[in-house]
Amino acid sequence: MTQSPPPPQEERRAVNVQVRGLRKSFDGQLVLKGIDFEVAPGEIFVIMGPSGSGKSVLLKHIIGLETPDEGEILIDGQPVQSQETMNKYRMAMVFQSGALLNSLTVAENVGLYLSEHQLKPPEEIARIVAEKLELVGLKGQENRSPGELSGGMKKRVALARALVIDPQLILYDEPTSELDPLMAVAIGQEILELKRRIDVTSIVVSHSRDLAFGIADRIAIINDGQIRFVGTPDEVRHQSDPVIHEFLTVDFKPKERKESS
Amino acid sequence: MFQNIGEILILLWRTLGALPLTLRHRRKVGDQLFEIGNASLLMACILSLFIGGVIALQTGPRLAERGLSNLLGGLVGLSVCEELAPVMMSILIAGRIGSAMAAEIGSMRVYQEIDALRTMNIDPIHYLVLPRLVAITVALPILVLFSILVGWIGGALVCSLNHQIHLSFSAYFNNLRQAVEWYDLTKGFVKSFVFAVVIGIVSCHQGLQTIGGPRGIGRSVTKAVVNSIVLILILDYFLTRLLLFFDKR
């Protein structure tokens, strides 16, 4: 595998993503049963669905971590599985667990892309890292190790690591789970801000209805390995499909306490 | 099994292809070298001292009975440098360093750190396998040379202190100098180099293949150590045959 330096910033623009007839099974169990959709350049596309519906597996296919059994994923018309595509486009993924390298400090994690591809001198990397950490509310945490951070902090470091890449395509796997409401809103705003600032296509997998309806240009509802509906937040809200309706409206209702006589 | 061998050879081929990038990863190679030296030097010293000592103890009294104790230097010298130091050090390193490599890479795989590297277009072979393989192939031959010297001293100590053998330091080392030639040291060096490649590549491959949670990591560690030791012992035979073929004495 040959790795060439990523394209310079001025040549980069948001990418188009096409998923065509995607099917995948693990140990004979079909997880994705023929997924088709297209994400326009610069769009924020949110994929929602119940746990175990295949959202994270779909996300891994889009960034080339999994190979489809059938179908294809195209980034600006080029198959994501080819090394050429990986070299040509800057892509980033914010993992649900953070997936920080435990042997590195927070700063080394955040600056990893720049240092490994030798894109900036060390002083410049340190400046960018400090800037991105401040952006996600982790100013001054550079020298801590991932083991010392809470789940939410790890996720914010992972977001900072993705921001450093200045990606053309960014994938978020449950970006606001384990975060308090204030930080969840801040992350949502950062996803919107990122789109405005660097012209990026964003694909977000989330359970959070607040996040989805707050940031999405379009929402896809996935259930049992199939896309049930794709549309704008308004179109999704007015869907009559009972599965979608239940998923979007179900709420916690505390049992009424019986009055003791 | 054949699939595993094929995968290991492909991994070795791709890592060798990445060798020109070693300079770029020199810091990681240095870290690994420090790790190997720090973890193994004291252990290597103790092990080698006793290996040399036990050969002298087992053979010395019998040779002394027949008036052949002056041959002990050569006997200990040759067996330590040609066979015992490379094989025993390699087994020690497989257990101490190979297991650590498999565990570290295995946990990185399980906790999606390797996936994160791939999404950043960082090749895990360049980032993880190359520095470890380079470090172990540098460190193990050096450790083996060190082990040979300590093993010889262990033999000398037993020879001079054991009242049944009673061979002086100078007589022991005179005989050793006459018996051991540079080619014998080269044999130990070549063996340790090959064994280092085996430990490094088998352990990294096992780490990269890890699936499941902590139990999967445990399985990978066990497989890495056992497979390395089995391969070391099998290859030892064939390497010995090959090196004897080139021995023109």
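What you see is a predicted model, and the numbers here were worked out from it, not measured in a lab. So that the names make sense, note that chain A is the first sequence line, chain B the second, and so on, each numbered from 1.
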Note to self: Within residues 26-52 of chain B, which residues come under 4.5 Å of chain A, heavy atom to heavy atom?
What the structure shows: B:R27, B:K28
Check: Going by residue number, which parts of residues 127-149 of chain B are within reach of chain A, meaning a heavy-atom gap below 4.5 Å?
Finding: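 Residues of residues 127-149 of chain B touching chain A at under 4.5 Å: B:Y127.
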So with a 6.0 Å cut-off around [atom1] of [X], is the heavy-atom count from everything else above 12?
{"X": "A:E84", "atom1": "CD", "value": "no"}
{"X": "A:R144", "atom1": "CZ", "value": "yes"}
{"X": "B:L233", "atom1": "CG", "value": "yes"}

Distance check, rounded to the nearest 0.5 Å: [X] atom [atom1] versus [Y] atom [atom2]?
{"X": "A:L65", "Y": "B:Q112", "atom1": "CG", "atom2": "CD", "result": "8.5 Å"}
{"X": "A:Q83", "Y": "B:N121", "atom1": "CD", "atom2": "CG", "result": "5.0 Å"}
{"X": "B:E104", "Y": "A:S103", "atom1": "CD", "atom2": "OG", "result": "5.5 Å"}
{"X": "B:M120", "Y": "A:I165", "atom1": "CE", "atom2": "CD1", "result": "6.0 Å"}

Check: Could you give all pairs that pass the side chain to side chain donor-acceptor pair (under 3.5 Å) test and reach residues 201-211 of chain B, with sequence neighbours left out?
Finding: B:E7-B:H205, B:T210-B:S220
Notebook entry, point to check: Measuring heavy-atom distances to chain B, does A:L104 have an atom under 4.5 Å in its side chain, in its backbone, in both, or in neither?
Noted result: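 Side chain of A:L104 only, per the 4.5 Å heavy-atom cut-off to chain B.
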Item checked: Selection residues 45-67 of chain A - residue pairs positive for ring-ring contact (aromatic ring centres under 6.0 Å, His included), sequence neighbours left out -> A:F37-A:F45
Check: What are the two closest heavy atoms between B:A116 and A:A99, and how far apart are they?
Finding: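 Scanning both residues, the minimum pair turns out to be CB-O, 3.6 Å.
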Margin query: Quick check on B:I125 against chain A: is it the side chain, the backbone, both or neither that has a heavy atom closer than 4.5 Å?
Written below: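 Looking at B:I125, nothing touches chain A.
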Note to self: Between A:L101, A:I63, A:L171, who has the most heavy-atom pairs with chain B when the cutoff is under 4.5 Å?
What the structure shows: A:L101
Item checked: Flag side-chain contact, heavy atom, 4.5 Å: A:F95 against B:T119 ->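 Sidechains of B:T119 and A:F95: in contact.
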Margin query: Side chains of A:E116 and B:R24, heavy atoms from C-beta outward: is any pair under 4.5 Å?
Written below: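 They are not in side-chain contact.
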